[in-house]
Amino acid sequence: MICILTLAVLLQFVGCNNSDSSAVQKEVNKNSFTIHEISERDNGYIVPDPKSVNGEANVILHSREKAGEETNYDLSFLGFKNEVFITNYEVGNITGSGKNLVLAINEGKKDNNYEYIAVLDYNQKESYLIQTDMVACDGKDEQINLCDITGDGQDEIIYSNEPNRSLIWNMYTYDQNELKKMYSNVQSAELERDGFDIELIDDYKIKVKGRDFSYDETISLLDWDYKESELESEKFGYAYKNGKVNLKEGIPAEIKFLMAEKWEQGYAEYDYFKKASKENGIVLPLRIVLGEKEIGNLLVDLKYNAKTKEMEISRTWLQKIEE
């Protein structure tokens with residue numbers, strides 16, 4: 001009898017603990033959100049303030065298929081005085097609380113119009129905003145890519161805009177209750193073009209060296225199937241003459257800034273950031289140009305250093321462009 005009574009008390013105690021755990025879980029996740037995309041213009045677009053939401057938030061956004069059409073949103077809770085445009089959005093776990101809404105925001109001003117990135121955390125009823133150093137675009141070619149590049153279980157934000165002469169991109173992370181910039185190739189291109197020196201060498205060779213890290217590679221352009229006559233032609237900038245570097249008339253090789261992979265009817269395509277992760281890093285193909293000819297790529301593998309809390313060059317290699 002005593003054993004039966006003891007077992008009953010234990011079962012009641014376990015049942016209470018399970019009930020409390022379930023209640024806590026519901027409390028933490030009570031503020032989720034659902035996105036409704038609509039294609040019509042001027043049809044009541046709504047992005048609720050996380051602080052004002054109790055229960056599930058209904059977010060009504062203009063369809064991403066209609067990127068480029070200006071639609072107005074009231075985001076005064078983020079500090080904007082006038083209505084703004086949302087040019088792009090994604091969903092990921094930025095703050096560690098679960099599903100967050102990430103927005104790219106254009107104020108629509110003519111001067112000093114820089115894009116903003118906002119993270120809305122409806123689980124914790126918090127909002128975070130940071131200004132990028134990229135000029136705002138209409139959303140047609142820009143990308144928001146979310147990936148856990150640091151390996152802490154939370155997504156970082158990689159925001160890249162419409163390519164023009166080069167592809168501009170920023171990376172952000174959530175740390176100590178705020179969004180922080182991890183890298184910007186506007187502020188510094190030391191992990192890209194500005195991190196390397198390139199030199200032409202006799203016998204139709206090129207040499208690429210890293211400026212602030214250990215990298216030194218020399219390849220023969222003949223091994224890349226270029227002919228001696230080609231490398232001494234106008235198309236290749238008269239780079240060589242009789243097998244020697246043409247210092248007087250020749251055009252030196254250049255490493256160009258990151259660009260889109262291809263253009264189709266005015267639309268730029270690139271997937272440099274879509275496969276990014278802690279394991280894969282970010283691989284950037286920098287173009288090597290000789291005269292009028294793009295002869296190869298300098299591939300730069302960027303990875304996160306947990307000690308310095310910065311992106312660093314993990315490895316680099318030269319690659320011929322397959323035509």
Side-chain angles (χ1 to χ4, degrees), residues 33 35 37 41 45-53 57 59-64 66-97 99-147 149 154-164 166-188 268 273 276 311:
F33 65 94
I35 295 175
E37 277 195 357
R41 299 185 63 179
Y45 305 106
I46 298 174
V47 178
D49 180 355
K51 290 186 181 299
S52 67
V53 174
V59 180
I60 303 176
L61 295 173
H62 193 230
S63 173
R64 283 183 286 194
K66 299 291 184 179
E69 293 185 4
E70 296 182 348
T71 50
N72 297 344
Y73 295 82
D74 178 6
L75 298 183
S76 55
F77 65 88
L78 289 173
F80 294 106
K81 295 181 180 180
N82 302 313
E83 289 187 330
V84 296
F85 310 133
I86 294 176
T87 58
N88 211 332
Y89 75 87
E90 285 295 340
V91 175
N93 182 10
I94 310 301
T95 66
S97 71
K99 187 171 66 172
N100 306 143
L101 178 59
V102 182
L103 305 174
I105 301 169
N106 178 354
E107 282 190 286
K109 297 176 181 177
K110 292 184 178 180
D111 299 324
N112 299 320
N113 182 19
Y114 292 97
E115 200 102 2
Y116 288 83
I117 294 293
V119 173
L120 307 186
D121 185 344
Y122 287 101
N123 300 314
Q124 301 294 335
K125 306 185 75 168
E126 296 290 345
S127 302
Y128 307 93
L129 182 71
I130 191 168
Q131 179 180 305
T132 74
D133 51 18
M134 298 187 291
V135 175
C137 300
D138 61 11
K140 182 176 64 174
D141 297 330
E142 67 189 20
Q143 292 182 15
I144 299 175
N145 288 285
L146 308 180
C147 60
I149 201 77
Q154 298 173 206
D155 290 326
E156 275 67 51
I157 303 168
I158 302 176
Y159 176 61
S160 50
N161 74 352
E162 179 178 341
N164 190 357
S166 62
L167 180 61
I168 305 301
W169 64 284
N170 290 179
M171 178 183 290
Y172 302 94
T173 189
Y174 176 81
D175 184 41
Q176 297 181 351
N177 208 39
E178 64 177 333
L179 291 176
K180 294 183 179 179
K181 186 181 294 179
M182 294 176 63
Y183 178 72
S184 165
N185 70 346
V186 178
Q187 296 178 351
S188 172
F273 311 112
M311 298 299 292

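We number each residue from 1, following the sequence as shown. Quick note: numbers below take in every heavy atom, side chains included, and nothing from hydrogens, waters or symmetry partners.
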Expected output: side-chain [X] to main-chain [Y] donor-acceptor under 3.5 Å:
| X | Y | result |
| --- | --- | --- |
| Asn185 | Leu167 | yes |
| Asn123 | Ser97 | yes |
| Tyr183 | Ser188 | yes |
| Gln131 | Tyr116 | no |
| Asp155 | Asn93 | yes |

Checklist line | Side-chain heavy atoms of Phe33 within contact of Val91, under 4.5 Å | finding: yes

Item checked: Side chains of Glu107 and Asn82 in contact at under 4.5 Å (non-hydrogen atoms) -> no

Could you grab the distance from atom [atom1] of [X] to atom [atom2] of [Y], nearest 0.5 Å is fine?
| X | Y | atom1 | atom2 | value |
| --- | --- | --- | --- | --- |
| Leu101 | Leu120 | CG | CG | 5.0 Å |
| Tyr45 | Glu37 | OH | CD | 10.5 Å |
| Asp49 | Glu126 | CG | CD | 9.5 Å |
| Leu103 | Ile86 | CG | CD1 | 4.5 Å |
| Met171 | Phe273 | CE | CZ | 7.5 Å |
| Tyr114 | Asn106 | OH | CG | 13.0 Å |

Note to self: List the residues meeting side-chain contact (heavy atoms from CB on, under 4.5 Å) with Glu83, not counting sequence neighbours, and say none if there are none.
What the structure shows: Asn72

Indicate the atoms forming the closest heavy-atom contact of [X] with [Y], along with that distance.
| X | Y | result |
| --- | --- | --- |
| Val135 | Asn161 | O-ND2, 3.8 Å |
| Trp169 | Ser160 | CB-CB, 3.8 Å |
| Ile94 | Gln154 | O-NE2, 2.9 Å |
| Gln143 | Asn145 | OE1-ND2, 2.8 Å |
| Ala276 | Cys147 | O-CB, 3.2 Å |
| Asn170 | Ser184 | ND2-OG, 3.2 Å |

Margin query: Before you tell me yes or no, could you show the steps for Tyr159 and Glu115 under side chain to side chain donor-acceptor pair (under 3.5 Å), namely the whole-Å CA-CA distance, both residues' side-chain angles and the distance that decides it to 0.1 Å?
Written below: CA-CA 10 Å; Tyr159 176 61; Glu115 200 102 2; 3.3 Å; yes

Check: Does the ring of Tyr122 carry Lys99 above it, NZ/CZ under 6.0 angstrom from centre and within 45° of its axis?
Finding: no

Next item on the list: From the options Glu156, Lys180, Glu178, select the one residue that forms a side chain to side chain donor-acceptor pair (under 3.5 Å) with Thr173.
Entry: Glu156

Notebook entry, point to check: Tyr128 vs Tyr174 aromatic rings, parallel, tilted or perpendicular, using cut-offs 30° and 60°?
Noted result: perpendicular

Next item on the list: Among Ile105, Leu61, Val59, find the one that has a side chain to side chain contact (heavy atoms under 4.5 Å, CB included) with Tyr89.
Entry: Leu61

Next item on the list: Please check if any side-chain donor atom of Thr87 sits under 3.5 Å from a side-chain acceptor atom of Glu142, or the reverse.
Entry: yes

Next item on the list: Would you tell me whether Thr95 and Asn100 have side-chain atoms, one donor and one acceptor, within less than 3.5 Å of each other?
Entry: yes

Next item on the list: Show your reasoning for whether side-chain contact (heavy atoms from CB on, under 4.5 Å) applies to Ile149 and Ile158.
Entry: CA-CA 10 Å; Ile149 201 77; Ile158 302 176; 5.6 Å; no

